[in-house]
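Order of the sequence lines sets the chain letters (A, B, ...), proteins ahead of strands, with each chain counted from 1.
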2 protein chains.
Amino acid sequence: MNTLPDDDIANVMRALGHPVRLSILRILAAQGASDCCCTDVIQCLPLAQSTVSQHIKVLLDAGLVERHPKGTRNCYALRGDRLAEIGAAWSGLITGLTNPQPAQYAAQKELS
Amino acid sequence: MNTLPDDDIANVMRALGHPVRLSILRILAAQGASDCCCTDVIQCLPLAQSTVSQHIKVLLDAGLVERHPKGTRNCYALRGDRLAEIGAAWSGLITGLTNPQPAQYAAQKELS
DNA sequence: TTCTTCTATCGGTCCAAGACGATGAATACC
DNA sequence: GGTATTCATCGTCTTGGACCGATAGAAGAA
């Protein structure tokens, strides 16, 4: 049910834990598939290019977006597969919390 | 659909973005409703009491847990209502990202 | 009252994150 | 070739997070 270890979940949550990065995801979603380059994102945000690039890197490292080099520019797109995977892990987390099984935390404890 | 503003979502995600805090939520879930005090949590984790107390405070501030003072000890429990609310917001976020509506980001931009 | 237990908070240290400007590499264009 | 554009990365600075020990206050026990 919950296919991702806690460290991975925490990584993704931390990547999502910044309003600017949520905005970037929305921008990528609004612009459609694989046709949104870094400049497009920068023009939607009141931040320096280097800052936006750094936020995108965080999303890349978390596996939430993917990069498609296109000539002199880099296009970004959401990773639908990963979003689905994270959605499943999230459901598992919520289910596990609201319908707890006594043995569950013991297993979790062993992992960390 | 998505009932929480991005800042709130980011706050919750940040609170969830640490393995220890995920562990604390699981501990609270495993111990059942409103009968888990701070010491119980501390004994499950290899951290100092002050550190655990601080993590719990983050979860409190994010609205993920609630405190029930009981004599000399404080009991904590998950806030099921808030978990449901956040689950709904998460679903809305994922849905919005995977089935984007062009006007969506414009509305989002206005908020921040 | 005095002692113990529980736990929030304070002060301090250390490291990571967020923001910026500057630089440099890659590609496209003239 | 030379120039412009795009963008990742580097160095720096500031802020915030994570962790700890110490402290203090509240409630129960002796």
Side-chain angles (χ1 to χ4, degrees), chain A residues 6-28 31 34-78 112, chain B residues 6-28 31 34-78 112:
Chain A
D6 268 14
D7 280 353
D8 281 5
I9 297 182
N11 269 337
V12 172
M13 294 299 165
R14 208 179 321 123
L16 292 173
H18 197 291
V20 167
R21 290 196 284 269
L22 289 179
S23 296
I24 292 175
L25 292 182
R26 289 195 206 278
I27 293 169
L28 294 182
Q31 301 252 351
S34 68
D35 210 8
C36 187
C37 74
C38 193
T39 309
D40 298 333
V41 179
I42 292 165
Q43 285 174 345
C44 296
L45 296 169
L47 292 169
Q49 175 263 325
S50 55
T51 304
V52 174
S53 193
Q54 220 165 311
H55 279 301
I56 291 177
K57 184 167 163 43
V58 174
L59 294 172
L60 271 173
D61 290 344
L64 293 168
V65 304
E66 56 193 358
R67 178 188 292 167
H68 302 285
K70 232 175 210 177
T72 174
R73 48 184 65 187
N74 281 343
C75 293
Y76 292 94
L78 297 178
S112 56
Chain B
D6 268 13
D7 280 352
D8 281 7
I9 297 181
N11 269 338
V12 172
M13 294 300 166
R14 208 181 319 123
L16 293 172
H18 197 289
V20 167
R21 289 196 283 268
L22 289 178
S23 296
I24 292 175
L25 292 182
R26 288 194 207 279
I27 293 169
L28 294 183
Q31 301 252 352
S34 68
D35 209 8
C36 186
C37 74
C38 193
T39 310
D40 298 332
V41 178
I42 292 166
Q43 285 174 347
C44 296
L45 295 169
L47 292 169
Q49 175 263 326
S50 55
T51 306
V52 174
S53 192
Q54 218 164 314
H55 279 301
I56 291 177
K57 184 167 164 41
V58 173
L59 294 172
L60 271 174
D61 290 345
L64 292 168
V65 305
E66 56 194 356
R67 179 188 292 166
H68 302 286
K70 233 177 209 176
T72 175
R73 51 183 67 185
N74 281 342
C75 294
Y76 292 95
L78 298 178
S112 59

Figure out the [atom1]/[atom2] separation between [X] and [N], and round it to whole Å.
X: A:H55; N: C:dA16; atom1: NE2; atom2: C1'; answer: 14 Å
X: A:R73; N: C:dA25; atom1: CZ; atom2: C1'; answer: 17 Å
X: A:I42; N: D:dT5; atom1: CD1; atom2: P; answer: 14 Å
X: A:D61; N: C:dA16; atom1: CG; atom2: C1'; answer: 14 Å
X: A:L59; N: D:dA8; atom1: CG; atom2: P; answer: 12 Å
X: B:I56; N: C:dT7; atom1: CD1; atom2: P; answer: 9 Å
X: B:Q54; N: C:dC14; atom1: CD; atom2: C1'; answer: 14 Å
X: A:L45; N: C:dC20; atom1: CG; atom2: C1'; answer: 15 Å

Requested in this report: Taking only the side-chain heavy atoms of A:S53 (C-beta and beyond), determine which of D:dC20, C:dC6, D:dT9 contains the nearest atom.
Outcome: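 So the nucleotide nearest the side chain must be D:dT9.
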Query raised in the report: Between D:dA8, D:dT5, D:dA27, which one does the side chain of B:T72 approach most closely?
Result: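 The nucleotide sitting nearest to the side chain is D:dA27.
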Query - Derivation of the side chain to side chain contact (heavy atoms under 4.5 Å, CB included) call for A:Y76 and A:I56 - result: CA-CA 9 Å; A:Y76 292 94; A:I56 291 177; 3.5 Å; yes
Query raised in the report: What about B:Q49: does its side chain form a donor-acceptor pair under 3.5 Å with the base of C:dA8?
Result: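 Per atom types, the contact qualifies.
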Query raised in the report: Which residue lies toward the 5' end of DNA chain D, B:R21 or A:T51, if each is placed at its nearest nucleotide?
Result: A:T51
Query raised in the report: Within the distance-only criterion (no hydrogens, no angle test), does the side chain of B:D61 pair as donor or acceptor with the backbone N or O of B:V58 below 3.5 angstrom?
Result: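 No.
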Requested in this report: May I ask you to evaluate whether A:N74 reaches the phosphate of D:dA8, defined as a side-chain N or O under 4.0 Å from OP1 or OP2?
Outcome: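 So the side-chain polar atoms of A:N74 do come within 4.0 Å of the phosphate oxygens OP1 or OP2 of D:dA8, strictly under.
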Query - Pair A:I27-A:L45, side chain to side chain contact (heavy atoms under 4.5 Å, CB included): steps then yes or no - result: CA-CA 10 Å; A:I27 293 169; A:L45 296 169; 4.2 Å; yes
**Report entry** Test side-chain hydrogen bond (donor to acceptor under 3.5 Å, both in side chains) applied to A:N11 - qualifying residues, sequence neighbours left out
**Finding:**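 For A:N11 the side-chain hydrogen bond (donor to acceptor under 3.5 Å, both in side chains) partners, ignoring immediate neighbours, are A:R14.
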Query raised in the report: Within the structure shown, what part of the strands sits under 4.0 Å from A:L47 by heavy-atom distance: base, sugar-phosphate, or nothing?
Result: sugar-phosphate
Report task. Go through A:L16 and B:I9 one step at a time and tell me if the side chain to side chain contact (heavy atoms under 4.5 Å, CB included) criterion holds. Result -> CA-CA 8 Å; A:L16 292 173; B:I9 297 181; over 6 Å; no
Requested in this report: Nearest-nucleotide wise, let me know which of B:R67 and A:H18 is further upstream toward the 5' end of DNA chain C.
Outcome: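 Closest to the 5' end, via its nearest nucleotide, is B:R67.
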Report summary line: Ranking A:S50 and B:D40 by the position along DNA chain C of their nearest nucleotide, the one closer to 5' is B:D40
